[in-house]
**Q** 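Just dropping this structure here.
Start at 1 and go down the list; that is how both ligands and their atoms are numbered.
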Amino acid sequence: MSTCPVDSRVIRPIRFIAGQCQMLDQRLLPVEEVWRTYKTYQEVAEAIRTMVVRGAPAIGVAAAIGAWFGARDIETESSWEFYQEFEKVCAVLLATRPTAVNLSWALERMKHFTQSNLERSVMELKIGLEYEALAITQEDEKANRQLGQHGESLLADGARVLTHCNAGALATAAYGTALGMIRAAVEAGKKISVIADETRPFLQGARLTAWELQKENIPVTLICDNMAGYLMSKGEIDCVIVGADRIAANGDVANKIGTYTVAILAKEHNLPFYVAAPISTIDLSLSDGTLIPIEERDGREITHFKDLQLAPEGISVRNPAFDVTPHRLVTAIITEYGIVDGDYLTGLNQIVNRR
Ligand code: MRU
């Protein structure tokens with residue numbers, strides 16, 4: 001039975017070990033470090049929906065593992081029947097969160113494996129799907145490390161980097177995208193410090209980015225979201241690096257709500273605005289960012305903090321979880337296959353299709 005590598009120094013929010021998976025419950029960080037065990041695809045779907053696991057690449061990895069759980073439990077000898085049942089499993093996982101394309105990317109890859117191997121026995125398909133899920137996990141970590149190597153060249157020694165949300169190890173199989181660039185620069189011997197936006201309302205910056213950087217002794221200072229402009233105006237920020245949930249063919253970037261605001265601030269202050277993402281986050285099927293589905297979450301995330309009520313009973317609330325930053329505000333997109341800037345339409349197409 002396959003496993004993911006175990007190295008206690010590396011933060012890996014998803015462990016895929018001996019037919020089950022454990023996930024670090026990110027809703028409880030930084031106060032409690034609780035690992036939960038999952039054995040069925042329905043349980044994994046619920047973990048994605050309720051944000052036990054979150055971050056675009058991490059939910060892709062979780063969905064692939066969930067899909068394998070579903071596949072393993074299908075009882076039939078017919079490969080065609082197996083495929084039909086497997087599609088239903090994938091549909092349940094796909095319905096959990098709409099914005100991050102990594103989810104559908106991973107599920108499409110699992111379905112494609114099945115569809116293109118229908119001449120094999122059901123047992124062979126199940127074994128193959130387990131390997132596919134493991135490969136998706138391992139390839140994500142590798143992509144982030146490569147992306148980090150490309151991206152760290154953009155960071156000067158002493159750089160003070162603003163980041164929004166958590167695009168770190170916790171949002172991926174390991175290492176992170178935006179924080180992967182920072183980790184790679186630190187590993188290259190540069191002194192990098194991070195300013196982390198708290199990221200209302202789910203507080204991925206305050207709870208998760210702050211937690212993982214502090215754990216690795218990378219200097220990090222926490223600010224409220226509305227403080228970024230002030231710090232930029234005082235010359236206390238050198239560049240912005242964020243992750244992405246989906247990048248359209250023209251380079252428009254969907255990421256955590258508030259990213260667009262930060263990009264405008266960066267433009268106003270002539271600061272580079274970098275997006276770090278693996279190619280599994282690029283969706284060439286969408287011509288521009290207006291076509292990206294934006295998740296709207298429960299208003300209670302805004303009116304309450306845990307059980308504490310912050311706003312009047314019955315108040316009308318909007319809670320879009322993501323926004324879209326137009327490509328004209330993006331200085332460069334850093335992927336595992338290199339850096340794209342300028343003509344995103346051509347550059348992203350070349351990188352995804354590697355021509
Ligand atoms: O709602 P979340 O926490 O899943 O949103 C996460 C983000 O927006 C991240 O910035 C994005 O997924 C990139 S993670 C490498």
Side-chain angles (χ1 to χ4, degrees), residues 11-14 23-29 47-63 96-106 140-141 143-145 147-148 151 162-183 194 196-212 225 240-247 253-263 273-283 289 292-298 301-302 319-325 330 333-336:
I11 300 169
R12 288 195 176 85
I14 305 168
M23 293 195 238
L24 182 56
D25 189 339
Q26 299 194 28
R27 300 167 306 183
L28 304 179
L29 288 172
I48 297 171
R49 201 185 59 74
T50 57
M51 311 249 300
V52 169
V53 61
R54 35 64 53 200
I59 62 177
V61 166
T96 51
R97 295 194 72 191
T99 303
V101 73
N102 308 62
L103 186 66
S104 56
W105 172 87
D140 183 60
E141 176 171 350
N144 296 334
R145 289 181 185 276
L147 176 166
L162 178 82
T163 190
H164 189 73
C165 194
N166 172 265
L170 289 168
T172 61
Y175 205 70
T177 58
L179 299 193
M181 272 177 65
I182 289 162
R183 283 194 168 91
V194 178
D197 276 348
E198 66 174 348
T199 319
R200 276 277 286 158
F202 209 72
L203 303 177
Q204 288 93 333
R207 298 187 303 102
L208 309 178
T209 296
W211 178 81
E212 67 169 87
D225 296 335
V240 178
I241 313 177
V242 295
D245 288 84
R246 193 184 297 233
I247 301 174
V253 174
N255 191 47
K256 181 51 55 191
I257 191 76
T259 302
Y260 175 40
T261 319
V262 174
F273 180 88
Y274 298 123
V275 175
I279 64 164
S280 54
T281 305
I282 299 169
D283 185 354
I292 298 175
I294 300 294
E295 178 181 14
E296 291 261 352
R297 295 185 60 82
D298 192 342
E301 288 180 354
I302 293 178
N319 188 13
F322 300 93
D323 59 26
V324 176
T325 299
V330 177
I333 297 174
I334 297 92
T335 78
E336 66 272 43

**Q** Under a heavy-atom criterion of less than 4.0 Å, does Val242 contact ligand 1?
**A** no

**Q** Would you check if the side chain of Glu336 reaches a backbone N or O of Ile279 as a donor-acceptor pair within less than 3.5 Å?
**A** yes

**Q** Specify the protein heavy atom at minimum distance from atom 5 (O) of ligand 1: its residue, its atom name, and the distance to 0.1 Å.
**A** Lys256 CE, 3.3 Å

**Q** Among all protein heavy atoms, pick out the one at the shortest distance from atom 15 (C) of ligand 1; state its residue, atom name and that distance to 0.1 Å.
**A** Thr177 OG1, 3.1 Å

**Q** For Ala100, state whether at least one heavy atom is located under 4.0 Å from any atom of ligand 1.
**A** no

**Q** Could you give me the CA-CA distance, side-chain angles and deciding distance for Leu103 and Ile48, then say whether side-chain contact (heavy atoms from CB on, under 4.5 Å) is met?
**A** CA-CA 10 Å; Leu103 186 66; Ile48 297 171; 4.2 Å; yes

**Q** Looking only at protein heavy atoms, identify the closest one to atom 6 (C) of ligand 1 and say how far it is in Å.
**A** Arg54 NH2, 3.5 Å

**Q** Any donor and acceptor pair, going by atom type alone, linking the side chain of Asn144 with main-chain N or O of Ala174 inside 3.5 Å?
**A** yes

**Q** Identify which of Ala244, Ala58, Ala171 has a heavy atom lying nearest to atom 13 (C) of ligand 1.
**A** Ala244

**Q** On a heavy-atom basis, which atom in Leu147 and which in Met181 lie closest, and how many Å separate them?
**A** CD2-CG, 4.1 Å

**Q** When you compare ligand 1 with Thr172, is there at least one nitrogen or oxygen pair between them that comes in under 3.5 angstrom?
**A** no

**Q** Please check whether Phe322 reaches ligand 1 - meaning an N/O of the residue sits under 3.5 Å from an N/O of the ligand, judged on distance alone.
**A** no

**Q** Quick one, Asn255 with Thr325, criterion side-chain contact (heavy atoms from CB on, under 4.5 Å). Give me CA distance, side-chain angles, the key distance, then yes/no.
**A** CA-CA 8 Å; Asn255 191 47; Thr325 299; 6.0 Å; no

**Q** So how far is it from Arg200 CZ to Ile302 CD1, rounded to the nearest 0.5 Å?
**A** 6.5 Å

**Q** Look only at interatomic distance and state if Ala56 has a nitrogen or oxygen under 3.5 Å from any nitrogen or oxygen of ligand 1.
**A** yes

**Q** Could you tell me whether some N/O pair between Gln204 and ligand 1 is separated by less than 3.5 angstrom?
**A** yes

**Q** Has His164 got any heavy atom lying under 4.0 angstrom from an atom of ligand 1?
**A** no

**Q** Within a distance under 4.0 Å of any heavy atom of Ala167, pick out the atoms of ligand 1 and give their elements.
**A** 14 (S), 15 (C)

**Q** If the cut-off is 4.0 Å to any non-hydrogen atom of Met51, which atoms of ligand 1 fall inside it?
**A** 1 (O)

**Q** Please list, in number order, the atoms of ligand 1 under 4.0 Å from a heavy atom of Arg97.
**A** 1 (O), 2 (P), 4 (O)

**Q** Step through the shown structure and confirm whether more than 12 heavy atoms of other residues, nucleotides or ligands are within 6.0 Å of OH on Tyr260.
**A** no

**Q** Can you list everything that forms a salt bridge (Lys or Arg N to Asp or Glu O under 4.0 Å) with Glu296? Sequence neighbours excluded, please.
**A** Arg318

**Q** Could you tell me, atom by atom, which parts of ligand 1 come under 4.0 Å of a heavy atom of Asn166?
**A** 9 (C), 14 (S)

**Q** Among protein heavy atoms, which sits nearest to atom 11 (C) of ligand 1, and what does the distance come to when rounded to 0.1 Å?
**A** Asp245 OD1, 3.2 Å

**Q** Of the non-hydrogen atoms in Ile59 and Ala100, which two are nearest, and what is the gap between them?
**A** CD1-CB, 3.8 Å

**Q** Please say which of Val242, Ile282, Val275, Thr259 ends up in a side chain to side chain contact (heavy atoms under 4.5 Å, CB included) with Val253.
**A** Val275

**Q** Can you tell me how far apart CD (Glu198) and NE2 (His164) are? Round to the nearest 0.5 Å.
**A** 9.5 Å

**Q** Atom 10 (O) of ligand 1: which protein heavy atom is closest, and how many Å away?
**A** Asn255 OD1, 2.6 Å

